[in-house]
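Structure first, then comments.
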There are 2 protein chains.
Amino acid sequence: MNVTGHTRRQPSIRDVATAAGVSHQTVSRVINNHPSVKSATRERVNRAIEELGFRRSATALALASGRNRSVTVLTANTTHHGYASVLQGVEEAARKAAYAVGISVLESADEQTVSAAVQRAGDSVGGLIVIAYDPAGVAALAAADPDVPVVGVVETPSQEPPHDRPWVWTDDRRAAYEATGHLLSLGHRSVHYVAIPSGTHRVSARTAGWQQALEDAGAAVPEVVHEGWGPQSGYAAGSRLARDPDVTAVLCGNDDLAIGVMRALHEAGRSVPGDVSVVGFDDAPHSAFVTPSLTTVRLDFSGLGRSAFDLLHGLLATSTPVQYHSAAVPELVVRESSAPPRHP
Amino acid sequence: MNVTGHTRRQPSIRDVATAAGVSHQTVSRVINNHPSVKSATRERVNRAIEELGFRRSATALALASGRNRSVTVLTANTTHHGYASVLQGVEEAARKAAYAVGISVLESADEQTVSAAVQRAGDSVGGLIVIAYDPAGVAALAAADPDVPVVGVVETPSQEPPHDRPWVWTDDRRAAYEATGHLLSLGHRSVHYVAIPSGTHRVSARTAGWQQALEDAGAAVPEVVHEGWGPQSGYAAGSRLARDPDVTAVLCGNDDLAIGVMRALHEAGRSVPGDVSVVGFDDAPHSAFVTPSLTTVRLDFSGLGRSAFDLLHGLLATSTPVQYHSAAVPELVVRESSAPPRHP
DNA sequence: GGCCGCATTGTGACCGGTAACAATCCTGGC
DNA sequence: GCCAGGATTGTTACCGGTCACAATGCGGCC
């Protein structure tokens, strides 16, 4: 029972040591479960710890040992479903390993911002997890101090400089390939693609998979529609696509985009999936409940976050610079928004 | 230009001091912008800092000064729109103030989990922001060590023990009152309410506002439907409500719930808003684009997060235990999902 | 009984900063 | 030319832990 009443300094290991009649080092040994402490002593120390309400200062621990039980996630956005889920996965895994997790958002991709963010993050942290699905993230991955352990959550694995780090990924290329194949197999002559902003200079994995599927099927490859992340971007894209009667199937870079596209088609008087089929990406929770419910590709983002952490954890613990990579398998979820074209 | 090549220890202020030919304390003065440093010296030191690529260790700073430029957000979930937006707001404000932000999620509301989380968080941090919209958050707010500065993001302000902390809030009661009033003014005889899990033992602010509006209008107060957070919960609630022909208007605790409710009504053959009007809460980005688009209450969550941080920041800087409170004004956004009842 | 060796425990330095106070440098006033 | 006193700068301790190594205790063996 601690009934001190008013604010006072947290007790340190020396306070505990005095209370238990041992040296501070013995206390240190006890809190670290060092084997060579007589159990009687250990018990005495533990009692003192209990009574004083001692808690080891994470700050001092970090300073003295160099080890820093914390990771921070660098990301462009915390509100989009995919990003938020990765973050959730990281946090979950980190919590289990008794790591603290920090978060730092990249407001833009310009070098100034990115390097400032990377520096601030690297300053106080054991390791970094960079969500590099977008330009800002990719820039951050490249800008990260080579001395701090970094794991990238990337779209396209690559051995080249910006990605010369351990990474985790989902096979977006294959996912896009399958989603496109699904639409083609329903009888659509071609599939349009509304892309999310890409992180790489080359075509993104999703774009590549979509294109490959069209080519393999001998279908025409329409021009990619480049848009932003949110439903309003999808709406803008959908408004344009709605004017083209040749458009019968649209694949979207994420579910919000798809919802915007569906809305625009709806307002233009084109029914989904009657006139146009729409397929999303990510399987956000609400995607199953909108009308028409959205055919989409489910990606295990929180699993991705967990493995990103595990990978980083291993890196920090063993300091072995192995490049272990992990991939999750995407899954196509067919719902109401995709169907055979009306006039095959 | 630093072309060292391989990993080496970050330079400390003593390294800088040696390089600049001054004492380490002078370096400390320079990096802290202490006025009494001759400008020639200051310049010399700055040059050394530049050359060595010195960066001040946040860890050492925290340990030595006691001040800890970091806050952590305790929350039940990072993926729901409201929570994610609050987090985003906190991060933004924190970044501007050069604070680090941590995040720790409360997996359940049981005392074990909560106190562990609170302890871990309080361990290494300057201040805490607790999102206390749900039972877990409320418990955390109550369990937080009285010594660490805490700001609550709460639903219902209260002077009572669990909330005896500075807080920020949105006027959810008024928002619910207005949303309910909107439906009544359209001609609905009563309004059903699908609630999110409440944080307080008493009725939540949203519930209270809804009830008040009904009573003020002399309308019947149906039993509250208690559900979870996600669209599938809304779907479950909607399925039940669809069987009751008296139900013509439904207010939901958040937009995902509302989307689930709309879906269930749709599947039951009841049209929205023809047969039943549905109103959500929070104005998630996609809510404007689903069909029918959702009437909802817009809440400035990121603004809420920003003021939570600002409040905490003030607390940390001045250590004045003032209870400053901030409120944001909710705004009703009328869209397609609400309309006059078919048979008035 | 004396000595050796392992099990325990203690000592002092150090991590990279800040805080408080002492020391030295200048400058103006007489 | 000398001295007081503010402007600069240096010295030493300390934050709360860990680390490396020294010191002590104890049991077994000859």
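Order of the sequence lines sets the chain letters (A, B, ...), proteins ahead of strands, with each chain counted from 1.
Evaluation of the side-chain contact (heavy atoms from CB on, under 4.5 Å) rule for Q25(A) yields S23(A), S28(A), R29(A) as partners, not counting sequence neighbours. Applying the salt bridge (Lys or Arg N to Asp or Glu O under 4.0 Å) criterion to R55(B), with sequence neighbours excluded, gives D123(A), D145(A). S65(A) is linked by a side-chain contact (heavy atoms from CB on, under 4.5 Å) to L61(A), R67(A), counting only residues two or more places apart in sequence or in another chain. By the side chain to side chain donor-acceptor pair (under 3.5 Å) test, D310(A) pairs with no residue at all, sequence neighbours left out. Listed by chain and number, the residues in a side chain to side chain donor-acceptor pair (under 3.5 Å) with T59(B) amount to none (sequence neighbours excluded). Every residue meeting the side-chain contact (heavy atoms from CB on, under 4.5 Å) condition with V118(B), not counting sequence neighbours, appears here in chain and number order: L74(B), V114(B), A140(B), A143(B), A144(B). When the side chain to side chain donor-acceptor pair (under 3.5 Å) test is applied to R56(A), the partners found at least two apart in sequence or on another chain are N32(A).
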Review item, nucleotides 5-7 of chain C N/O atoms under 3.5 Å of protein N/O:
none

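Rounded to 10°, the helix from dG1(C)-dC30(D) to dC30(C)-dG1(D) has 60° between the axis fitted to its first five pairs and the one fitted to its last five.
Using a 4.0 Å cut-off, some side-chain N or O of T26(A) falls inside it from OP1 or OP2 of dG10(C).
Within 6.0 Å of the CD atom in E50(A), the count of heavy atoms belonging to other residues, nucleotides or ligands does not exceed 12.
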Go along nucleotides 14-27 of chain D 5' to 3' and tag each nucleotide: B for a protein heavy atom under 4.0 Å from its base, S when only backbone or sugar atoms are that close, - otherwise. -BBBBBB-------

For residues 36-44 of chain A, which side-chain donor-acceptor pairs fall under 3.5 Å, sequence neighbours excluded?
| residue | atom | partner | partner atom | Å |
| --- | --- | --- | --- | --- |
| S36(A) | OG | H34(A) | NE2 | 3.2 |
| R42(A) | NH2 | H34(A) | O | 2.8 |
| R44(A) | NH1 | A20(A) | O | 2.7 |

Would you be so kind as to tabulate the donor-acceptor pairs closer than 3.5 Å made by side chains of residues 97-109 of chain A, with sequence neighbours excluded?
| residue | atom | partner | partner atom | Å |
| --- | --- | --- | --- | --- |
| Y99(A) | OH | H313(A) | ND1 | 3.4 |
| E107(A) | OE1 | R95(B) | NH1 | 3.4 |
| S108(A) | OG | D110(A) | N | 3.4 |
| S108(A) | OG | D110(A) | OD1 | 2.4 |
| S108(A) | OG | T113(A) | OG1 | 3.2 |

